[in-house]
Amino acid sequence: MPDTPENPLREGLRVDRTAPPNTVVIFGASGDLTKRKLVPALYNLALERLLPAGFAVVGFARREISDEAFRAQMLEGVNQFSRNRPADATVWANFAAGMRYHQANFTDVEGFHRLATLLDEIDRTRGTAGNRLFYLATPPDYYPAILANLGAAGLTAQNTNGRGWARVIIEKPFGRDLATARDLNQKVHAVLDESQIYRIDHYLGKETVQNILVLRFANGIFEPLWDRRYVDHVQITVSEAVGVEGRAGFYETAGVIRDIIQNHMLQLMTLVAMEPPVAFEATAVRD
C-alpha cells in the first residue's frame with residue numbers, strides 16, 4: 001500500500017524541532033494567567049522534552065516575593081491546572097532551576113535596567129545566548145509603559161553585541177477601539193520591528209480551535225458541505241466555569257466584552273467562516 005500523503009494543513013500544528021536557547025520574561029507574573037496557563041504550558045513542553053537545555057523563565061511583577069516563593073506558587077499552579085498533573089518531581093526540579101523572579105514597577109525604567117542585568121547573568125549561567133521573549137500578561141493599560149521601558153533599557157535590540165533575538169508577545173485586548181489600537185500600534189513600532197511582534201489571543205492556541213482549520217479544509221466529509229448552501233446558521237456558546245476570582249483589576253479596565261466577545265468569539269467565528277488561506281502560514285491565515 002502506498003504511503004499516505006502528508007496533509008499540508010497539519011504543517012506547523014506539531015513541533016518538529018527544539019527551540020533555540022532563550023529566556024521567557026513574563027510581565028504580570030503574579031496574575032492568574034501565568035499560574036493557570038503560561039507556566040503549566042511551559043512545564044508541559046519541558047515534560048515532552050521540547051524545551052532547549054538553555055532555557056529560563058523570569059517572572060516580572062510588582063509584588064515583592066523571593067525566587068523560592070515564586071517557584072512554589074508556580075508549582076501549585078502546575079499541580080492544579082496542568083493537563084499532566086501532578087508535576088513530575090525530576091522534570092519540575094530541572095525546570096524550576098531556570099526560574100527567577102524580578103520585582104519592579106512596570107513604570108519604573110530603573111527596574112528594566114536591573115532586568116537587563118539579570119538577563120545578562122542568565123545568559124552566562126544558563127547559556128540562553130541573548131535570546132529573549134517578553135510576554136505581556138498584564139492589564140492593557142500597562143502595555144505602553146512596558147514597551148517604552150523595554151526600549152529605554154535596550155532590551156528590544158537584537159543581533160547586536162553578541163545578543164540574539166528579542167520578541168514581544170502582546171496579549172489581547174489590543175486597544176479599546178480602533179483609535180486606541182492604532183495608537184498602541186505606533187507605540188509598539190517605536191521600539192520594535194514588525195517581525196518581533198506577536199499579537200495573540202491564547203484561546204487560539206487550543207488544539208480544538210486550531211483543528212477547526214483541518215476539519216474545514218482537509219476533511220473529505222465536511223469540506224464540501226461547509227459553505228452557505230448547506231449551513232443555515234452557526235451558534236457559538238461561551239460557557240465559563242471560572243468567575244472573576246483574582247482578575248478584578250483586569251476586568252475593571254478591559255471588561256468582559258473586550259476580553260471574550262471581540263477576541264475569543266469573533267476570532268473563532270472568523271475560523272469558522274473564513275475563505276481558504278493560500279497557505280497554512282501565519283500571514284496567510286491572518287489575511
Side-chain angles (χ1 to χ4, degrees), residues 22-43 56-67 69-78 80-82 98-116 118-119 122 132-153 155-156 166-176 180 184 187-188 191-192 196-205 242-256 258-260 263-264:
N22 67 92
T23 301
V24 175
V25 180
I26 303 174
F27 292 95
S30 60
D32 183 77
L33 181 64
T34 303
K35 182 178 179 179
R36 184 182 293 271
K37 298 290 185 182
L38 302 183
V39 169
L42 291 171
Y43 163 77
V57 177
V58 175
F60 188 122
R62 294 166 293 177
R63 193 175 303 165
E64 191 165 342
I65 61 174
S66 65
D67 290 346
F70 177 63
R71 294 180 185 120
Q73 290 178 9
M74 295 304 105
L75 175 58
E76 180 183 330
V78 169
Q80 187 174 357
F81 301 115
S82 172
M99 296 183 72
R100 302 287 295 274
Y101 182 83
H102 181 74
Q103 188 276 328
N105 196 301
F106 302 136
T107 58
D108 178 18
V109 68
E110 179 56 33
F112 284 75
H113 284 288
R114 289 189 284 110
L115 173 65
L118 173 60
L119 292 175
I122 291 173
R132 286 90 183 260
L133 176 63
F134 302 101
Y135 196 119
L136 275 57
T138 68
D141 288 354
Y142 289 111
Y143 293 171
I146 293 173
L147 291 165
N149 287 332
L150 283 173
L155 289 169
T156 56
R167 297 168 185 166
V168 175
I169 295 177
I170 302 175
E171 265 279 0
K172 51 79 188 170
F174 195 91
R176 298 181 63 85
T180 56
L184 178 57
K187 290 181 171 65
V188 169
V191 295
L192 295 161
Q196 295 175 269
I197 307 162
Y198 295 89
R199 302 169 186 83
I200 74 158
D201 176 355
H202 56 264
Y203 186 79
L204 298 185
V242 179
V244 173
E245 296 189 346
R247 298 176 290 173
F250 172 81
Y251 280 121
E252 281 293 317
T253 55
V256 70
R258 292 186 181 87
D259 180 43
I260 293 178
N263 296 287
H264 297 346

Has the side chain of [X] got a donor or acceptor atom that lies under 3.5 Å from a matching backbone atom of [Y]?
X: Gln196; Y: Thr156; result: yes
X: Tyr43; Y: Leu38; result: no
X: Thr23; Y: Val57; result: no
X: Glu171; Y: Leu136; result: no
X: Asp108; Y: Ala104; result: no

Hey, mind stepping through Thr138 and Ile146 against side-chain contact (heavy atoms from CB on, under 4.5 Å) and telling me if it holds?
CA-CA 10 Å; Thr138 68; Ile146 293 173; 3.9 Å; yes
So [Y] and [X], do their side chains get closer than 4.5 Å, heavy atoms only?
X: Leu147; Y: Leu184; value: yes
X: Ile197; Y: Val188; value: yes
X: Arg167; Y: Phe134; value: no
X: Asp201; Y: His264; value: yes
X: Ile26; Y: Val58; value: no
X: Arg63; Y: Tyr101; value: yes
X: Val168; Y: Tyr198; value: no

Approximate separation, where rounding is to 0.5 Å, of [X] [atom1] and [Y] [atom2]:
X: Lys37; Y: Ser82; atom1: NZ; atom2: OG; value: 11.0 Å
X: Leu192; Y: Lys187; atom1: CG; atom2: NZ; value: 14.0 Å
X: Arg71; Y: Ile65; atom1: CZ; atom2: CD1; value: 10.5 Å
X: Leu115; Y: Leu150; atom1: CG; atom2: CG; value: 7.5 Å
X: Leu75; Y: Lys35; atom1: CG; atom2: NZ; value: 10.0 Å
X: Phe174; Y: Arg199; atom1: CZ; atom2: CZ; value: 5.0 Å

Across all chains, not counting sequence neighbours, the side chain to side chain donor-acceptor pair (under 3.5 Å) partners of Ser30 are none
From CA spacing to verdict: side-chain contact (heavy atoms from CB on, under 4.5 Å), Val25, Leu155:
CA-CA 11 Å; Val25 180; Leu155 289 169; over 6 Å; no
Check this for me: Tyr142, atom OH, are more than 12 non-hydrogen atoms of other residues, nucleotides or ligands nearer than 6.0 Å?
no
Show the nearest heavy-atom pair for residues [X] and [Y], with the distance to one decimal.
X: Pro40; Y: Thr34; answer: CD-O, 3.7 Å
X: Glu64; Y: Gln103; answer: CA-CG, 3.7 Å
X: Val191; Y: Gly151; answer: CG1-CA, 3.9 Å
X: Ala116; Y: Ala153; answer: CB-O, 4.4 Å

Under the rule for ring pair (Phe, Tyr, Trp, His ring centres under 6.0 Å), what residues qualify as partners of Phe60, not counting sequence neighbours?
Phe27, His102, Phe106, Phe112
Tell me the salt bridge (Lys or Arg N to Asp or Glu O under 4.0 Å) pairs involving residues 132-148, sequence neighbours left out?
Asp120-Arg132, Asp123-Arg132
Residues Arg100, Leu118; criterion side-chain contact (heavy atoms from CB on, under 4.5 Å); working and verdict
CA-CA 9 Å; Arg100 302 287 295 274; Leu118 173 60; 3.4 Å; yes
